[in-house]
2 protein chains.
Amino acid sequence: MQRTEKQKVALSSETEEKLMKAAQNAFIKYGLEGARMQEIADEAGISKSMLHYYFAKKEKLFELIMRKAVLDVFANLRKILEENDSVMSKIHRLSHEYLDYLHEHPYLPLFVLHESHKDPAAFKNDFLPPAETAFTTRFVAQIEEEIKTGKIRPVDPYVLFAQIMSVCVFPVAAQPVLQGIMNLSADQYKMLLKQTQQQMPAFFERILNW
Amino acid sequence: MQRTEKQKVALSSETEEKLMKAAQNAFIKYGLEGARMQEIADEAGISKSMLHYYFAKKEKLFELIMRKAVLDVFANLRKILEENDSVMSKIHRLSHEYLDYLHEHPYLPLFVLHESHKDPAAFKNDFLPPAETAFTTRFVAQIEEEIKTGKIRPVDPYVLFAQIMSVCVFPVAAQPVLQGIMNLSADQYKMLLKQTQQQMPAFFERILNW
DNA sequence: GTCTATAATTTGATAGAC
DNA sequence: GTCTATCAAATTATAGAC
């Protein structure tokens with residue numbers, strides 16, 4: 001009666017990759033409601049019915065994409081913040097590795113943020129389990145520790161973390177608007193992002209160094 | 001044959017206000033496709049058909065809301081950046097006035113950003129006319145001027161502007177996610193925003209002062 | 001101007017042949 | 001497994017009485 005749920009049917013890894021890519025593109029650009037199953041199917045080179053064959057519901061597919069997006073965004077961040085480095089070293093690594101990653105996936109952060117606004121509590125519950133986000137608490141603790149030992153100047157550690165995130169994510173996520181109001185070409189904006197990447201550590205050094 | 005388009009029919013200003021508020025809430029939270037006309041009508045206390053009586057198409061209503069949102073977000077920014085003040089004075093005023101405004105309308109920036117991602121070129125064309133955004137170019141020029149005269153340290157003016165925007169907007173816009181990953185309560189996050197507001201000028205003073 | 005009832009359309013989901 | 005054709009549901013849009 002209650003058959004075992006077999007969410008994922010076997011499908012060639014090539015097709016799966018194309019499908020996930022197509023779904024990600026559609027959902028990231030248009031959101032859950034704005035994305036069209038037909039478009040996803042077309043872009044993946046399969047029929048619409050195949051989509052329903054593999055993923056019973058649009059919502060399930062969306063959930064999968066969102067989970068992957070959240071995981072990706074935070075896995076890259078976590079990797080750096082959990083290293084055995086000083087705060088300033090981590091900021092340096094963020095400016096290189098994390099920003100490189102974000103530049104390759106510029107739409108991911110906004111996608112996550114947009115969805116989180118619909119129902120923040122539910123979002124946290126579904127996609128931000130405490131175990132996955134504990135690394136931030138540890139990083140904040142590290143900041144407090146370095147302040148206590150006088151390694152860096154005293155600042156509110158939460159504020160510092162929020163500012164690091166802001167300076168990393170916002171220039172990438174807000175590209176269309178920032179580029180628009182600054183009247184820059186796509187190439188000029190790309191250069192601005194490179195500049196931001198280079199200057200970021202120096203900025204935080206000035207804030208944190210005595 | 002071609003009757004004059006009378007986009008807006010007379011309607012009591014009280015009803016209009018409730019309607020705009022309802023539409024704004026719905027669109028901001030769920031986006032163009034996610035928002036439901038029924039919900040907007042309900043929240044405004046009118047029937048769904050009245051919505052179509054006043055605004056022929058959902059898209060028209062959305063356009064109105066978006067135009068208002070963009071105007072609001074930039075009018076507040078522009079007001080400060082066009083004053084006859086020094087760069088640092090403007091940063092101080094941003095931290096007070098602009099952040100106060102953003103704290104009262106935390107969802108506006110992300111709404112604008114989300115929509116801009118669907119079709120950046122069209123978005124710029126429809127909602128970011130050069131005349132409305134020229135103030136940023138003037139601000140960038142002012143930064144260059146103050147660098148030339150040695151009033152502030154040399155930095156890339158575009159990068160500086162992007163960073164100012166980042167630090168202002170992102171902590172507000174990303175609240176659900178940042179609050180989630182930092183494991184803070186709503187009240188705790190509100191305090192963090194207040195702290196950010198206070199520390200922001202000092203942050204940029206350290207970057208810009210010799 | 002405002003409503004209820006209904007049409008039209010869009011789009012997600014399924015049936016059934018191959 | 002994959003497709004075409006079709007259904008069902010949701011939602012925008014309109015007609016017509018009052």
Side-chain angles (χ1 to χ4, degrees), chain A residues 1-66 111 114-115 118-119, chain B residues 2-66 114-115 118-119:
Chain A
M1 201 156 270
Q2 188 96 314
R3 76 174 175 82
T4 315
E5 277 223 24
K6 200 175 175 184
Q7 199 45 249
K8 206 163 170 190
V9 190
L11 76 176
S12 89
S13 63
E14 192 199 347
T15 304
E16 176 169 3
E17 199 175 336
K18 271 202 290 184
L19 186 57
M20 295 300 264
K21 195 90 185 171
Q24 206 176 47
N25 285 342
F27 282 131
I28 283 176
K29 212 167 176 183
Y30 301 107
L32 170 56
E33 300 87 354
R36 297 293 160 235
M37 294 295 265
Q38 184 66 65
E39 198 179 316
I40 294 173
D42 289 351
E43 200 181 319
I46 60 173
S47 72
K48 197 172 50 164
S49 22
M50 276 291 92
L51 226 58
H52 284 96
Y53 180 72
Y54 292 129
F55 306 94
K57 304 274 177 191
K58 184 189 191 185
E59 216 182 19
K60 283 284 167 199
L61 179 57
F62 178 80
E63 210 180 295
L64 208 70
I65 299 294
M66 175 58 78
F111 170 57
H114 175 69
E115 209 54 30
K118 291 183 191 168
D119 188 341
Chain B
Q2 187 96 312
R3 76 173 176 81
T4 314
E5 275 223 25
K6 199 174 173 184
Q7 198 46 248
K8 205 162 169 191
V9 191
L11 75 176
S12 89
S13 63
E14 192 197 347
T15 304
E16 176 169 3
E17 200 176 335
K18 270 202 290 185
L19 185 57
M20 294 300 264
K21 194 90 185 171
Q24 208 177 47
N25 285 342
F27 282 132
I28 283 176
K29 212 167 175 183
Y30 300 107
L32 169 56
E33 299 87 353
R36 298 292 160 237
M37 294 295 264
Q38 185 66 65
E39 198 179 316
I40 294 173
D42 289 351
E43 199 181 318
I46 60 173
S47 72
K48 196 173 49 164
S49 21
M50 275 291 94
L51 225 58
H52 285 95
Y53 180 73
Y54 292 130
F55 306 94
K57 303 273 177 194
K58 184 189 189 183
E59 217 182 17
K60 283 283 167 199
L61 179 56
F62 178 80
E63 211 179 295
L64 208 70
I65 299 294
M66 176 56 78
H114 175 69
E115 209 53 29
K118 292 182 190 168
D119 188 341

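Lettering of chains follows the sequences in order, A, B, ..., and the numbering in each one begins at 1. Since we're looking at a predicted model, the values are computed, not measured.
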Can you tell which of C:dG1, D:dT12, C:dG12 lies closest to the side chain of B:Tyr53?
C:dG1
Selection from C:dA13, C:dC3, D:dT4 that lies nearest to any side-chain heavy atom of A:Lys48
C:dA13
Measure the distance from CE on B:Met50 to P on D:dG16 and round it to the nearest whole Å.
16 Å
In whole Å, what is the span from the CG atom of A:Asp42 to the P atom of D:dT4?
11 Å
Should we say atom NZ of A:Lys29 is surrounded by more than 12 heavy atoms from elsewhere, each under 6.0 Å from it?
no
Electrostatic pair A:Glu33:B:Arg36 at N-O distance under 4.0 angstrom:
no
Could you tell me the separation between the CG atom of A:Leu51 and the C1' atom of D:dG1, rounded to a whole number of Å?
14 Å
What's A:Ala41 touching, base or sugar-phosphate or nothing? Going by heavy atoms closer than 4.0 Å.
nothing
Can you tell me how far P of C:dG1 sits from CZ of B:Phe55, to the nearest Å?
14 Å
Using a heavy-atom cut-off of under 4.0 Å over every strand shown, decide if B:Met37 touches base, sugar-phosphate, or nothing.
sugar-phosphate
The side chain of A:Ser49 lies closest to which of these nucleotides: C:dG1, C:dT4, D:dC3?
D:dC3
Would you call B:Lys58 and B:Glu63 a salt bridge, using N to O less than 4.0 angstrom?
no
Within this structure, what is the NZ-to-C1' distance between B:Lys58 and C:dT11, rounded to whole angstrom?
13 Å
Distance, nearest 0.5 Å, that separates CE of B:Met20 from CD1 of B:Ile40:
11.0 Å
Could you please name the option among C:dA13, C:dC3, D:dT12 that lies closest to any side-chain atom of B:Arg36?
D:dT12
Gap between atoms NE2 and P, on B:His52 and C:dT4 respectively (whole Å):
16 Å
Rounded to whole Å, CD of B:Glu59 lies from P of D:dT11 at a distance of 18 Å
Taking atom types as they are modelled, would you say the side chain of B:Ser47 forms a donor-acceptor pair with the base of C:dT4 within the 3.5 Å cutoff?
no
For the pair B:Met66 and B:Phe27, evaluate side-chain contact (heavy atoms from CB on, under 4.5 Å) and give the outcome as yes or no after the intermediate values.
CA-CA 9 Å; B:Met66 176 56 78; B:Phe27 282 132; over 6 Å; no
Would you mind reading off the distance between A:Leu61 atom CG and C:dG12 atom C1', rounded to a whole angstrom?
12 Å
